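Down below is the structure, laid out as structure tokens.
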Number of protein chains: 2
Amino acid sequence: MSDVVENSRREKLVEAAATLFHRRGVEATTLKDVAHASGVPMGSVFYYYPTKDDLTAAVIARRAAHVVDMLERHSRRAGPVGRLHALVDVWMSDRYVDAQFGCPIGSLCFEVARVRRLDATAPFQTLIDWAESQFRALGAGAKSRAHAAHLVAALQGISLMASVMSAPDLIAGEVAYLKNWIRGLRILDEHPRRQAARRTAERAASTHRSRST
Amino acid sequence: MSDVVENSRREKLVEAAATLFHRRGVEATTLKDVAHASGVPMGSVFYYYPTKDDLTAAVIARRAAHVVDMLERHSRRAGPVGRLHALVDVWMSDRYVDAQFGCPIGSLCFEVARVRRLDATAPFQTLIDWAESQFRALGAGAKSRAHAAHLVAALQGISLMASVMSAPDLIAGEVAYLKNWIRGLRILDEHPRRQAARRTAERAASTHRSRST
DNA sequence: GTCTATATTACGATAGAC
DNA sequence: GTCTATCGTAATATAGAC
């Protein structure tokens, strides 16, 4: 669940920084901007975060924690298909801001990684690992890792393109595309006979479930 | 073919700027860096490009022209599958630098678009339009636009992730994935009978071609 | 057209009073 | 712990000699 409620002053700073880093990028936002947006005077930001890199690392850690929380929430859903759909639906909901500023995770991690003064691998590592285990649960076997990378890449790429083109509809289209792909994966990886059997069983199970709940 | 050979001084400046913008990002590279890398003294860069935005616009135009040239080259290939494969193979060849600094097109256009002082839509517009017409030639019909967006998004996303994770293999894996997907698309959009007929015909044609050339 | 020398501004960071 | 005042540096950009 992660210790989110912290000292309040520190928390206000990372929160403001996270928003500004998303909207303008980290190089383009000044610490004065962060101070102003958070209502904390300039001198104090250096008390809490001695350097800009320290603040940036805190923003990355915050994003990583949010990813963990989000995936934990989605993991409570019924099957792997529903979980993966829940993940891509996040991009659907966020599409209007992402089409302005890009994905908050991707843009941040990329900018930081390119200069390479900080480690920013955590959010993507978590995302790919989680997706992989969903694909594995779905029966994709050895292909699961590639599927996971493909899924996360598609979401990142479409966010980038949508922001370049100012086109939230690009995200909506890709989300539909991906959900359909995920749905269809089960069909391809199975023998027709088994497939028919499983589907009949599932239909029965889902009818039963929707009645009993 | 676009007027590439220009005055030499201007050209040296955009070339150096393009490289540095790719390696560090535009915000993070100073005009002094560009002056030094191109061997042009500080005062002269302002003679050719009065502001940093002017230089940045020139770099974007240069990238856009390169995309046009590249696609023109790939358009000379035999069929739509071969053309699309040729496109994704570019990412395969570039994977080691892209895994360090990201895709030179995506990283540049995104950074510029987020601050939104310049138009950076051209490269992606060209890329998507071209891919769409290939998918259409392939018989994907109304789905062609979505396929095109999906393809370019996948390439952009995997470049971003590869650079965050310092993992060129991610790109190699995704390229294999995409080539296989493109190959398989024909199968899905066709009736099994027609499919078998076409494949037999193609096999014969390709055997004939490989002999005659 | 070319380049040196410099103006101007604003950034990250510090010192030190409270 | 908190905040004001300010330092040193480096960025974009200009002026003006050649």
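Predicted, not measured: the structure shown is a model, and the values here were computed from it. Numbers restart at 1 for each chain; the letters A, B, ... are given by sequence-line order, proteins then strands.
- Across residues 26-47 of chain A, P41(A), G43(A), S44(A), Y47(A) each have a non-hydrogen atom less than 4.0 Å from an atom of DNA chain D (numbered order).
- Among residues at least two apart or in separate chains, there is no salt bridge (Lys or Arg N to Asp or Glu O under 4.0 Å) pair with a member in residues 35-51 of chain B.
- Within the helix from dG1(C)-dC18(D) to dC18(C)-dG1(D), the inter-axis angle between the opening and closing five-pair segments is 10°, rounded to 10°.
- Of all the residues in residues 50-61 of chain A, not one reaches under 4.0 Å from DNA chain D with any non-hydrogen atom.
- Checking the phosphate oxygens (OP1, OP2) of dC3(D), a side-chain nitrogen or oxygen of R9(A) falls inside 4.0 Å.
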**Report entry** R117(A) vs T56(A), side chain to side chain donor-acceptor pair (under 3.5 Å): CA-CA, chis, key distance, verdict
**Finding:** CA-CA 10 Å; R117(A) 282 184 312 230; T56(A) 308; over 6 Å; no
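- Remark: P50(B) pairs with D54(B) by the side chain to side chain contact (heavy atoms under 4.5 Å, CB included) rule, at least two apart or across chains.
- For D33(A), the salt bridge (Lys or Arg N to Asp or Glu O under 4.0 Å) partners two or more places apart in sequence, or in a different chain, are R24(A).
- Every residue meeting the side chain to side chain contact (heavy atoms under 4.5 Å, CB included) condition with V68(A), not counting sequence neighbours, appears here in chain and number order: E72(A), T126(A).
- Residues satisfying the side chain to side chain contact (heavy atoms under 4.5 Å, CB included) criterion with A176(B), sequence neighbours excluded, are absent altogether.
- Whole-Å rounding puts the Y48(A) OH to dG12(C) P distance at 20 Å.
- Applying the ring pair (Phe, Tyr, Trp, His ring centres under 6.0 Å) rule to pairs touching residues 100-138 of chain B yields H22(B)-F101(B), F135(B)-H147(B), F135(B)-W181(B), sequence neighbours excluded.
- Taking R77(B) as the reference, nothing meets the salt bridge (Lys or Arg N to Asp or Glu O under 4.0 Å) condition, with sequence neighbours excluded.
- Note on residues 122-140 of chain B: pairs passing salt bridge (Lys or Arg N to Asp or Glu O under 4.0 Å), not counting sequence neighbours, are D129(B)-R145(B), E132(B)-R136(B), E132(B)-R145(B).
- Listed by first and then second residue, the salt bridge (Lys or Arg N to Asp or Glu O under 4.0 Å) pairs that reach into residues 12-23 of chain A come to none, sequence neighbours excluded.
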